[in-house]
Amino acid sequence: MSKNTKLIHPRDQIIEVIDRIYKRGMTTTSGGNISIIDAQGDIWVTPSAVDKGSLRPSDIICVKGDGTIIGKHKPSSEFPFHKAIYEARPDIKSVIHAHPPALVSFSIVRQIPNTNVISQAKHICGPIGYAEYRVPGSEELGEVIADEFKKGFKAIIMENHGTVLGGSDLTDAFERFEALEFCASTILYGAQIGTPNYLKDGQIEEFEAQAVGVLPEMETTDYPSDEVEKRAEICKIVQRSCQQGLMISSYGTVSMRWRGNDFLITPTGINRWDLEIDDIVQIKDGKREAGKNPSRAAWIHQEIYNLNPDINSIIMTQSPYLMAFGVTNSYLNVRTIPESWIFLQDINTIKYGDHFRKNRNPKLVEDCATALIIENDSVIITGDKLLQTFDYLEVAEFSAKSIVLGNSLGELVPINDEQVEDLRKKFLS
């Protein structure tokens, strides 16, 4: 979906986002609903009892301000609380309601996920409200949800039901929805292997303060064919990462070395799902492409390229199973299957704050491993070709997932030293 949502019809915006939510397994065929209120006060909403996996723009319903319904279906049965939210909060222009598994887990044990588990989530999600159970589709449910929105919340846990989130537009609401479900998933997976640790507000504020800083601008920028080709490759991998749940809208940085130590990198402040070739930022001779802001982690990528001539691509992201280890300070032993050890060998962890520029941890930029976890922040994967680096990310996440899931069966029995040495001789010599 384009960043300028004003130029996209509400029905098309809704179709694209419900498709993302369904394909990522964050709602079911029958569950969940999305709405947008336009400048005329008309509410566009998903229909009732129509397959979420095959919705078309023509299926989206328009409810006029006078209550007139335009469309070939009935509006969602949960329309009353969408309407109640818009009446309670004029600043809210879009609403998402769904039953994503991790957030439903919190709703059925009647808890609110602590978004301080990941550095940027507090600012994206904001404080989280809690709405007591009422019958779905009832006016009473609309009232309790509207009451929570009146308190200033934009994200609500619905008791024994799911979640509802609002935003200044649909992109904003989806970023909040995705980040909150990610936090919930990370906490749940982390709890299966250890005890999740949470950042203090001061640590998050310190990160936000030190992350500010923009490189000087280039006077002119050239776009030769090999540079344009790399831009397209970055966009393709970012889109693939989002589709596979290895990256979320609000976090994820990908870069590729271009010539010498010059490189191309994803921007800051742009939804990863919507990334386009023109959004990519060229960094040349320590300067940025004019009019664009590179990822706030650009300095890390620059240092890695400067100090590691064999590294030509970097992915810095948050994926739920890897971050389960990152929020519990648990050791991720990749001696699970041969492929994992051959590709990764070992995954170290550095403490939150060691990725601040002022600290310049050598494990991060000098003794650069294939994979490194930054506690409560991200995982960094490095490699030669970008597709290879993406493969390493997939292998690392699959390895982490196998360990988290296998933990309920018993203790991990890793490949032993003799077997590792055999792998070393055959594949790494």
Side-chain angles (χ1 to χ4, degrees), residues 24-26 100-109 111-122 124-125 128 177-200 203-204 241-242 244-252 315-337 339-341 343-344 346-355 369-381 390 392-414:
R24 281 275 305 277
M26 296 192 288
L103 287 172
V104 167
S105 295
F106 276 84
S107 84
I108 62 179
V109 298
Q111 294 180 22
I112 296 173
N114 184 345
T115 58
N116 279 30
V117 72
I118 296 294
S119 55
Q120 91 282 5
K122 175 188 173 185
I124 294 166
C125 298
I128 314 299
F177 168 72
E178 196 179 29
L180 189 58
E181 173 70 358
F182 175 80
C183 287
S185 298
T186 300
I187 293 166
L188 288 171
Y189 302 153
Q192 294 182 51
I193 56 172
T195 301
N197 300 309
Y198 299 92
L199 297 169
K200 297 177 181 177
Q203 290 177 291
I204 295 173
S241 298
C242 289
Q244 294 183 209
L246 298 169
M247 191 173 288
I248 59 175
S249 305
S250 54
Y251 191 94
I315 298 176
M316 192 170 180
T317 190
Q318 294 170 341
S319 52
Y321 288 98
L322 283 169
M323 291 314 301
F325 287 85
V327 304
T328 57
N329 196 24
S330 301
Y331 174 59
L332 175 51
N333 188 343
V334 295
R335 293 188 178 191
T336 51
I337 61 174
E339 181 189 49
S340 296
W341 185 85
F343 282 3
L344 305 168
D346 200 11
I347 299 180
N348 291 318
T349 301
I350 61 172
K351 292 187 176 299
Y352 186 87
D354 282 358
H355 62 310
T370 299
L372 178 73
I373 293 173
I374 303 171
E375 290 181 2
N376 296 89
D377 186 83
S378 60
V379 58
I380 299 181
I381 309 289
F390 180 73
Y392 292 164
L393 170 62
E394 287 183 313
V395 170
E397 176 72 356
F398 278 39
S399 300
K401 182 175 182 178
S402 298
I403 295 170
V404 170
L405 298 180
N407 196 60
S408 63
L409 302 175
E411 187 176 348
L412 166 68
V413 181

Contacts of Y352 meeting ring pair (Phe, Tyr, Trp, His ring centres under 6.0 Å) (sequence neighbours excluded), chain-then-number -> H355, F356

Flag side-chain contact, heavy atom, 4.5 Å: I374 against I380: yes

Contact check, side chains of I187 and V327, non-hydrogen atoms, under 4.5 Å: no

Under 4.0 Å between a side-chain nitrogen and a carboxylate oxygen: does that hold for E178 and R24? yes

Pairwise side-chain contact, S250 with Q120, heavy-atom cut-off 4.5 Å (strictly under): yes

How far does CD1 of I337 sit from OG of S402, to the nearest 0.5 angstrom? 6.5 Å

When rounded to the nearest 0.5 angstrom, what is the spacing between OG1 in T370 and OH in Y392? 6.0 Å

For Y189 and P320, the nearest pair of non-hydrogen atoms, with its separation, is CE1-CB, 3.7 Å

Rounded to the nearest 0.5 Å, how far does CD1 of I248 lie from CD1 of I118? 8.0 Å

Any donor-acceptor N/O pair, Q192 side chain to L405 backbone, under 3.5 Å: no

Could you go through L322 and L393, starting from their C-alpha distance and side-chain angles, then the distance that decides it, and tell me whether this counts as side-chain contact (heavy atoms from CB on, under 4.5 Å)? CA-CA 9 Å; L322 283 169; L393 170 62; 4.1 Å; yes

Side chains of Y251 and D377: any donor to acceptor distance under 3.5 Å? yes

Pair L199-E375, side-chain contact (heavy atoms from CB on, under 4.5 Å): steps then yes or no: CA-CA 10 Å; L199 297 169; E375 290 181 2; over 6 Å; no

For N114, side chain to side chain contact (heavy atoms under 4.5 Å, CB included) partners two or more places apart: N116, Y198

Spacing of Q203 atom CD and N376 atom CG [to the nearest 0.5 Å]: 7.5 Å

Nearest heavy-atom neighbours spanning A324 and I193: O-CD1, 3.8 Å

Distance col, row Y321:OH vs S399:OG, nearest 0.5 angstrom, shows 13.0 Å

Begin with the C-alpha distance, continue with both residues' side-chain angles, and end with the deciding distance and a verdict on side-chain contact (heavy atoms from CB on, under 4.5 Å) for L344 and V395. CA-CA 8 Å; L344 305 168; V395 170; 4.1 Å; yes

Between F106 and I128, is any pair of side-chain heavy atoms under 4.5 Å apart? no

Please check if any side-chain donor atom of Y331 sits under 3.5 Å from a side-chain acceptor atom of N348, or the reverse. no

Does any part of the side chain of E339, heavy atoms only, come nearer than 4.5 Å to the side chain of F398, both counted from C-beta? no

So, do L332 and V334 sit near enough that their side-chain heavy atoms are less than 4.5 Å apart? yes

Taking the side chain as every heavy atom from C-beta outward, state whether F390 and L246 have any atom pair closer than 4.5 Å. yes

Looking at side-chain heavy atoms only, is the closest gap between Q318 and V379 below 4.5 Å? no

To the nearest 0.5 Å, what is the distance between OG (S119) and CD1 (I204)? 7.0 Å

For F325, what residues pass the ring pair (Phe, Tyr, Trp, His ring centres under 6.0 Å) criterion, not counting sequence neighbours? none

How far apart are the closest heavy atoms of A184 and A102, and which atoms are they? CB-CB, 3.6 Å

Considering all heavy atoms of both residues, which atom of G326 and which atom of I373 are nearest to each other, and what is their separation? CA-CG2, 3.5 Å

Would you name the heavy atoms of S319 and E397 that are closest together and state the gap between them? OG-OE1, 2.8 Å

Taking all non-hydrogen atoms of both residues, which atom of N329 and which atom of T349 are closest, and how far apart? OD1-CG2, 4.4 Å

